[in-house]
Amino acid sequence: MPKIIAVCISPEKGTPKQNVKTAEFAAEFGIINDAHAGNWHRQVSLISLQKVEEFRAKGAKIEDGAFGENLIVDGIDFRSLPVGARLKCNEVILEITQIGKECHSHCAIYETMGDCIMPREGVFAKVLKGGLLSVGDEMILLQSDFLPGNARRVWIITASDKGFKGQREDISGTVINTIAIKAGYTIAGSTLLSDEQIDLENELKRICDQNLADLILTTGGTGFSPRDSMPEATMAVAERLVPGIAEALRAQSMTFTKRAMLSRAVSAIRGKTLIVNLPGSPKAVRENLEFIIDELGHGLDILTEKDYECAAANLNLCH
C-alpha cells in the first residue's frame, strides 16, 4: 500500500521545505503554516519517492523538501495520473489540479546538477477535505469518478526488448490505443518494457494495486522465444484466472492461421483489474482486440461493481 515518506512545509516562499513529520490540511486552503497554502489550485505539491531516489542515485545530495514538495509518497507514480484524480489518506482528500510546472528560474538543485525533476515529475493538488497527515500514513487512489462519463480505464503494456532499446517502433501499442478509444475507453497510461519477467510483474502489480486502470491490455511476449515471459508475469500476479478470454482469442485467431495454437497468452484478474494478453503482431492485435472489446465491457462493469449479473428476464445465461 502506498505510504507517505515525508510531510514538508516552509513558512516563507523561496525557502526550502522541511520534513515536519505531521501537518494539518485544511479544505480549500492547503497545509496550515505552509507559505504556499491559499485559495488557489496549487495548495499541495506531491512527488513520488522513486523519482527522488532515482535523482539521488545520480549523485544529488538532497534532503526531503528540497524540490519544494509537500508530500513524498512511496508507491504512487503521480506523473501517470490525470488532472482530476483524487487521492485519499486518512480523512484527507486531495484532487490533482496540475501536472508538472514551468520553471521560470533555475533552482539551486538545477545549478548544481544541471537538472531538477520537480517541473516534470511533480504534481499539484487542492484539498477537498481536511485532516491530519503523518509520515507512514497510507494513501489510496479513489475510484475514477473524475473521468468523463465514468469511462472505463485501460492501460497498455508493450513487452519488447527491441522496442525498449528504441530499435523498433511500438505499432501494436498504437493499434490498441486507437481501438480502445473508439470503443469508448479512457487511456489511463501506457508502458514500454523489455521482456524481463520481474519488470513486467512489477508494472502489472503497480497498476492493479494502485487502482490505475480497470483493464490492462498487454502486447508481445506470448510466443516460444526464451525471452517471452508475459504469460508467466501475468500468472505470477494473478489472483483469479479468466481462461475463457484466452480460449476465445485463440479460437478466433485459428480462423486466420493455424499458428494461433502456438500462442501462450492468458487472461487474469488482480484486485479490480482485468489483464488480457494480446499478441505482438499489429495485425493479430487488431483481429483479437476488435473481436473481444465489446464483450469485455460487461465483465469489467461486474468486476468494478458498476453492474450486476445478467437479469433473469433476459433469459440468457451469463456464466
Side-chain angles (χ1 to χ4, degrees), residues 48 50-51 53-54 57 75 77 79-80 153-180 187-210 212-243 245-250 252-254 256-271 273-289 291-293 296:
S48 304
Q50 179 186 4
K51 305 300 182 181
E53 292 299 331
E54 288 175 356
D77 181 4
R79 193 63 177 80
S80 69
R153 304 164 298 162
V154 61
W155 197 290
I156 303 165
I157 298 180
T158 300
S160 170
D161 284 336
K162 289 185 177 180
F164 186 68
K165 295 177 182 178
Q167 299 172 351
R168 176 184 294 167
E169 184 181 356
D170 181 20
I171 299 176
S172 294
T174 301
V175 171
I176 294 174
N177 186 298
T178 300
I179 295 173
I187 306 300
S190 61
T191 311
L192 175 60
L193 293 173
S194 72
D195 288 299
E196 195 65 37
Q197 182 177 333
I198 188 62
D199 293 339
L200 297 174
E201 289 180 23
N202 288 338
E203 182 67 354
L204 289 168
K205 288 190 288 188
R206 181 185 76 87
I207 298 167
C208 295
D209 296 351
Q210 293 183 25
L212 299 182
D214 308 304
L215 171 66
I216 299 175
L217 295 173
T218 76
T219 174
T222 61
F224 279 20
S225 169
R227 289 281 291 169
D228 287 337
S229 59
M230 184 60 82
E232 286 71 27
T234 302
M235 288 188 289
V237 306
E239 295 173 346
R240 294 184 287 165
L241 296 179
V242 190
I245 295 176
E247 292 166 2
L249 291 177
R250 274 186 280 272
Q252 165 70 358
S253 293
M254 285 287 288
F256 297 100
T257 173
K258 290 183 179 179
R259 290 187 178 180
M261 69 177 71
L262 303 179
S263 170
R264 301 187 305 107
V266 299
S267 299
I269 291 170
R270 181 182 176 92
T273 303
L274 172 64
I275 306 167
V276 177
N277 296 163
L278 296 171
S281 155
K283 179 176 179 294
V285 164
R286 181 175 299 279
E287 293 167 353
N288 278 254
L289 186 53
F291 180 66
I292 64 169
I293 191 71
L296 290 181

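One-based numbering along the sequence shown. From a predicted model like this one, the values you see are computed outputs, not experimental measurements.
Expressed to the nearest 0.5 Å, how far OG1 of Thr234 lies from CE of Met230 amounts to 6.0 Å. Atom OG1 of Thr158 and atom CD1 of Ile171 lie 11.0 Å apart (nearest 0.5 Å). Rounding to the nearest 0.5 angstrom, the gap separating the CG atom in Asp214 from the CG atom in Leu296 is 11.5 Å. Note that CD1 of Ile275 is 11.5 Å distant from CE of Met235, once rounded to the nearest 0.5 Å. If you take OG on Ser172 and CG on Leu192, they are separated by 11.0 Å, rounding to the nearest 0.5 Å. One distance of note links CD of Gln167 with OG of Ser160; it measures 9.0 Å at 0.5 Å rounding.
The two atoms that bring Gly280 and Thr219 nearest to each other are CA-OG1, 3.5 Å, heavy atoms only. Heavy-atom minimum distance, Trp155 versus Ala188: CZ3-O, 3.6 Å. Pro279 and Val285 make their closest contact through O-CG2, 3.1 Å (heavy atoms, listed as atom of the first residue, atom of the second, distance). Residues Val237 and Lys205 come closest through the heavy atom pair CG1-CG, 3.4 Å. Among all heavy-atom pairs drawn from Val154 and Ala180, the shortest one is CG1-CB, 4.0 Å. Residues Gly271 and Ile269 approach most closely at O-CG2, 3.5 Å, considering heavy atoms.
Using a distance-only test at 3.5 Å, with no hydrogens or angles considered, no donor-acceptor pair links the side chain of Ser48 to the main chain of Gln50. Formation of a donor-acceptor pair under 3.5 Å by the Arg264 side chain with backbone atoms of Glu232 is not found in this model. At distances below 3.5 Å, at least one donor-acceptor pair connects side-chain atoms of Asn202 with backbone N or O atoms of Ile198. Judged by distance alone, with hydrogens and angles left aside, the side-chain atoms of Thr174 form a donor-acceptor pair with the main-chain N or O of Asp170 at under 3.5 Å. Between the side chain of Thr273 and the backbone N or O of Ala213, at least one donor-acceptor pair lies under 3.5 Å.
In this structure, Ile245 and Leu274 have side chains that are in contact, with non-hydrogen atoms separated by less than 4.5 Å. Between Arg270 and Asp209, some side-chain heavy-atom pair lies under the 4.5 Å cut-off. Using a 4.5 Å heavy-atom cutoff, the side chains of Asn288 and Val276 are not in contact. Under the 4.5 Å side-chain criterion, counting only non-hydrogen atoms from C-beta, Ile179 is in contact with Arg286.
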Fill in: CA sep, side-chain torsions, deciding dist, call: Ile157, Ile207, side chain to side chain contact (heavy atoms under 4.5 Å, CB included)
CA-CA 10 Å; Ile157 298 180; Ile207 298 167; 3.9 Å; yes
Item to complete: For Val175 and Lys283, run side chain to side chain contact (heavy atoms under 4.5 Å, CB included): C-alpha distance rounded to whole Å, both residues' side-chain angles, the deciding distance at 0.1 Å, then the answer.
Response: CA-CA 9 Å; Val175 171; Lys283 179 176 179 294; over 6 Å; no
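Between Glu203 and Arg206 there is a salt bridge, with a side-chain nitrogen of the basic residue lying less than 4.0 Å from a carboxylate oxygen of the acidic one. Asp161 has a carboxylate O that lies under 4.0 Å from a charged side-chain N of Arg227, or vice versa, which qualifies the two as a salt bridge.
Between the side chains of Asn277 and Thr222, no donor-acceptor pair of N or O atoms lies under 3.5 Å.
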